[in-house]
Amino acid sequence: MKTLTIIIPCFNEADVLTDLITTVNLETRQLPLAKKYLLINDGSNDETLTVMKQLSATYDNLFYLSFSRNFGKEAAILAGLEAADGDFVTIMDADLQDPPTLLGQMYEEMLTGHYDVVGCRRISRKGEPVIRSFLSRSFYWVINHLSHTEMPSGVRDFRLMTRQVVNEILRLTEVNRFSKGLLAWVGFKTKYLTYENIERKAGKTSWGFWQLISYSIDGIVNFSDAPLNFATFMGFISFILSILLAAFYTVKTLIFGDPVQGFPTLIILILLIGGLQLFSLGIIGKYIGKIFLETKHRPVYIIKESKLE
Ligand code: UDP
Ligand code: MG
């Protein structure tokens, strides 16, 4: 029988873990795959690790990794993918927002032999704060216009992947990991199943407003150089404009003389150009910051303890 590794990143998920494993077991019992759970404790400060240990004592197909601190979901996903040894691999949220029943359908699609990845998309966002839905949609609109890597709106990290796909993802060694992009970047034949949004079972989301904003900016910087082109473009336009203006005023002065005027225009122009320069510097700085982090080659995560077999 082929094996399936289920990677579950967990940050303060003590309240849902037991429920999660019971539910997944129940809803995937028909699945003709030998399941292996791989829970990643991403530096939780509640009882998550204790619960993981209890679960691994109960289920002999449940293993865990525990980080030395919170490294973020991206790091947890990477650790999971690196430790996973299944013929198929899936990534699932701990809060049951990724319906385990879909695994059956995903595997059926996989069996047709047409696909290497079967993922899923939320077609509704009901139960989610309006402002958050709006920002998410805007993010997808922007990134899909700026980046060559296509990231359809509402796609989750929850997906069934073949071993080959996982191996290719692991070859992407960047430290700034934006999984949504990386998973899409490797390509392969992908099918998306659709489902309605499901609200979190228990616990609370670890994503605040500013975290989502900074996550979006990371996504854009990691997968597009369009902002840099924008800075170049603005610089070029300012340059052309200044030449035209210079010519205009030279001729004007020669013909009409030079009464001192246009002080407000001057101030506005100085502010405008100054602002554009700072803005462009900021954009460049963002990319340099990424390069800085990459060149340090720091490990993406540190494992404090684990049980992998
Ligand atoms: N998560 C994690 N590390 C973090 C934040 C979140 O491993 O720093 C996990 C979390 O436990 C959950 C998944 O990532 O399994 C998705 O997180 P959450 O439900 O908070 O995000 P949302 O569904 O609101 O996007
Ligand atoms: Mg969630």
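Everything numeric here is computed off the predicted structure, so don't read it as measured data. Ligands are counted one by one from 1 in listed order, and the atoms in each one are counted from 1 as well. Side chains are part of it too, since the values below use all heavy atoms of this structure and drop only hydrogens, waters and symmetry mates.
Within the 4.5 Å cutoff, the side chain of M234 has no heavy atoms near those of the F236 side chain.
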Carefully, step by step, assess N45 and N12 under the rule side-chain hydrogen bond (donor to acceptor under 3.5 Å, both in side chains). CA-CA 6 Å; N45 31 41; N12 294 344; 2.9 Å; yes

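Geometrically, ligand 1 and Q97 share a nitrogen or oxygen pair separated by less than 3.5 Å. In terms of N/O distances under 3.5 Å, ligand 1 is approached by F11. At least one N/O-N/O distance between P9 and ligand 1 falls below 3.5 Å.
Which parts of ligand 1 touch D95 is read off a 4.0 Å heavy-atom cut-off, strictly below it: atoms 19 (O), 23 (O). Close approach to D42 involves these atoms of ligand 1, each under 4.0 Å from a residue heavy atom: 2 (C), 3 (N), 4 (C), 7 (O), 8 (O). Atoms of ligand 1 lying under 4.0 Å from any heavy atom of E13, numbered from 1 in the order shown and given with element: 10 (C), 11 (O), 12 (C), 15 (O). Close contacts between ligand 1 and C10 involve ligand atoms 7 (O), 11 (O) [criterion: under 4.0 Å to a heavy atom].
Between the CD1 atom of I8 and the CD1 atom of I91 there is a distance of 11.5 Å, given to the nearest 0.5 Å.
Classification of the Y301-F67 ring pair by plane angle, with boundaries at 30° and 60°, yields parallel.
A cation-pi geometry, defined here as NZ or CZ lying under 6.0 Å from the six-membered ring centre and within 45° of its normal, does not hold between K73 and F11. Relative to the six-membered ring of F71, R69 meets both conditions, a distance below 6.0 Å and an angle of at most 45° to the axis.
Looking at I8, D93, I77, L96 and measuring to atom 16 (C) of ligand 1, the nearest heavy atom belongs to D93.
Neither the backbone nor the side chain of I40 has any atom closer than 4.0 Å to an atom of ligand 1 (non-hydrogen atoms only).
The Mg ion (ligand 2) sits nearest to atom OD2 when only the N, O or S atoms of D95 are considered.
Aromatic rings from Y215 and F139 are positioned such that their centres are separated by 6.0 Å or more.
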